[in-house]
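Below you'll find the structure, written out as structure tokens, and then a few comments.
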Amino acid sequence: MAFARAVRRPIGVFYYSASGRFSSGNEYSTVASKFETLSQCKSSSVLLGYTSPVPGFGKFLRRFSSVSSTVTDQMNLIKQLRERTSAPIKDVKASLVECNWDIDAAQKDLRKRGKVLASKKSSRTAAEGTLAVAQNEGKVAVIELNCETDFVARNEIFQYLALAMAKHALLIENSSQQVSGVFPFGPELFEELKLNLDHPKVNGETTVTNAVTEVAAIMGENVKFRRGFLLSKSSTGVLSAYLHTSLQPGLGRIAGIVSLEVEGENTQLEALQRVGSELAMHVVAAKPLFLSKDLVSSEAIANEREILKSQAESTGKSQMAIEKIVEGRLRKYFEEVALMEQKFIVNDSINIKTLVDNLSKEVGSPVKVANFLRVEVGEGIQRLEASDDEPVAQTA
């Protein structure tokens with residue numbers, strides 16, 4: 001009997017203490033942590049043949065166990081939906097509560113919320129992002145996918161979408177009817193095409209527009225497809241691409257692409273590909289605007305000549321001397337903007353024209369640079385906002 005009184009008193013005291021804290025809403029975690037101890041004490045008293053000293057003690061335990069189980073189930077649903085969508089926990093919980101904890105309905109609700117959010121953010125400037133490059137035997141495709149921050153540009157979901165879009169761009173038909181050349185395209189041609197995505201967070205068949213919107217909802221930023229380019233080659237040509245600051249194969253911030261053509265059948269592809277890769281790297285570093293000086297527009301030459309003449313006249317020299325100064329500086333201008341006139345970055349003792357001539361001798365057939373393209377993430381965006389003109393990449 002003495003032992004029974006000793007057991008009954010601590011259980012009663014602990015129960016009153018625990019139930020007081022629970023009903024006041026404080027120290028919920030303290031009660032939960034002591035639940036196992038409480039159950040063990042109750043079991044001991046039952047084994048000894050004693051019932052609860054407090055009325056309703058068993059009902060309290062059953063209710064507490066039920067609440068604990070419900071909370072655990074809800075936390076598991078939040079975790080599962082978070083893993084499915086990558087949406088913020090706050091939004092995940094709100095959708096589950098609104099859909100009465102139906103995870104499939106909540107996932108659909110999150111997608112609707114994401115589209116609304118993406119629509120609200122679509123007017124914000126997106127100057128960061130990545131370039132994605134895909135290539136097959138006859139084409140190279142480059143697409144620019146923009147976002148607001150470099151952090152999102154490094155996200156693997158964002159990068160997966162960019163690569164998927166570049167690979168799909170290879171299927172676009174060149175409407176310019178050129179056998180080889182640069183074919184630019186914008187959202188109006190590309191956004192309604194179907195993508196077949198296979199990623200845990202974005203999957204299934206959908207349009208480019210819907211895929212971009214869904215990724216924007218996941219990222220919480222303005223994400224948009226800005227522009228793309230297709231480069232094709234002739235049957236005897238070689239396409240070479242180089243990506244600067246490459247995040248992973250096929251992705252980077254600056255892309256240089258060069259198309260080489262050789263007359264007749266040639267089996268020395270290794271030499272062509274080697275020089276092509278060096279030229280693509282040169283295009284990224286040297287930033288040429290034109291393929292050759294013959295292709296520099298007359299307007300560009302006239303503007304540059306006017307600037308150079310104004311600078312030369314400030315020296316106070318004779319008109320004949322001024323003309324010589326202008327012509328000399330104009331030659332320097334061509335060396336800066338025309339690819340074939342530029343000094344080769346790997347060996348500045350020769351220019352690109354000499355490099356291509358040496359390659360022709362090496363392969364035993366005439367080789368020429370047919371086209372080139374240089375694209376950089378975000379270039380021209382500020383000018384676009386100011387003038388509403390579409391920015392143009394540097395192409396031949």
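Scope of the values below: all heavy atoms of this structure, side chains included, with no hydrogens, waters or symmetry mates.
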Exercise. Is Leu193 linked to Leu230 within one hydrophobic cluster, defined over Ile, Leu, Val, Met, Phe, Trp and Tyr using a side-chain heavy-atom separation of less than 4.5 Å?
Worked result: yes

Exercise. Who pairs with Lys343 by salt bridge (Lys or Arg N to Asp or Glu O under 4.0 Å), at least two apart in sequence or on another chain?
Worked result: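 For Lys343, no residue satisfies salt bridge (Lys or Arg N to Asp or Glu O under 4.0 Å) once neighbours in sequence are set aside.
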
Exercise. Are there more than 12 heavy atoms of other residues, nucleotides or ligands under 6.0 Å from atom CZ of Arg154?
Worked result: no

Exercise. For atom CG of Asp198, is the number of surrounding heavy atoms from other residues, nucleotides or ligands below 6.0 Å larger than 12?
Worked result: no

Which donor-acceptor pairs under 3.5 Å do the side chains of residues 312-322 make with protein atoms, sequence neighbours left out?
| from | atom 1 | to | atom 2 | distance (Å) |
| --- | --- | --- | --- | --- |
| Ser314 | OG | Gln311 | O | 2.5 |
| Thr315 | OG1 | Ala312 | O | 2.5 |
| Ser318 | OG | Ala321 | N | 3.3 |
| Gln319 | NE2 | Glu323 | OE2 | 3.4 |

Give the table of side-chain donor-acceptor pairs shorter than 3.5 Å for residues 291-306, with sequence neighbours excluded, one pair per line with atom names and distance.
| from | atom 1 | to | atom 2 | distance (Å) |
| --- | --- | --- | --- | --- |
| Ser297 | OG | Ala300 | N | 3.2 |
| Asn303 | ND2 | Glu299 | O | 3.3 |
| Arg305 | NH1 | Glu327 | OE2 | 2.6 |

Would you tabulate the side-chain donor-acceptor contacts of residues 126-137 under 3.5 Å, counting partners in other chains and residues two or more places apart, or write 'none'?
| from | atom 1 | to | atom 2 | distance (Å) |
| --- | --- | --- | --- | --- |
| Glu128 | OE1 | Arg253 | NH1 | 3.0 |
| Thr130 | OG1 | Gly252 | O | 3.4 |
| Gln135 | NE2 | Leu239 | O | 3.2 |
| Asn136 | OD1 | Gly138 | N | 3.1 |
| Asn136 | OD1 | Lys139 | N | 2.7 |

Problem set entry | Salt bridge present between Arg274 and Glu362 (N-O < 4.0 angstrom) | yes

Problem set entry | Asp357 bridged to Lys361 by N-O distance under 4.0 Å |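 No, no charged N to carboxylate O under 4.0 Å.
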
Problem set entry | Those residues that, when tested against Glu278, pass side chain to side chain donor-acceptor pair (under 3.5 Å) (two or more places apart) | none

Problem set entry | Ala164: partners by side chain to side chain contact (heavy atoms under 4.5 Å, CB included), with sequence neighbours left out | Leu197

For this session: State yes or no: are the ring centers of Phe229 and Phe185 separated by less than 6.0 Å?
Result: no

For this session: Could you go through the side chain to side chain contact (heavy atoms under 4.5 Å, CB included) check for Thr206 and Lys194 one step at a time?
Result: CA-CA 5 Å; Thr206 184; Lys194 296 285 187 179; over 6 Å; no

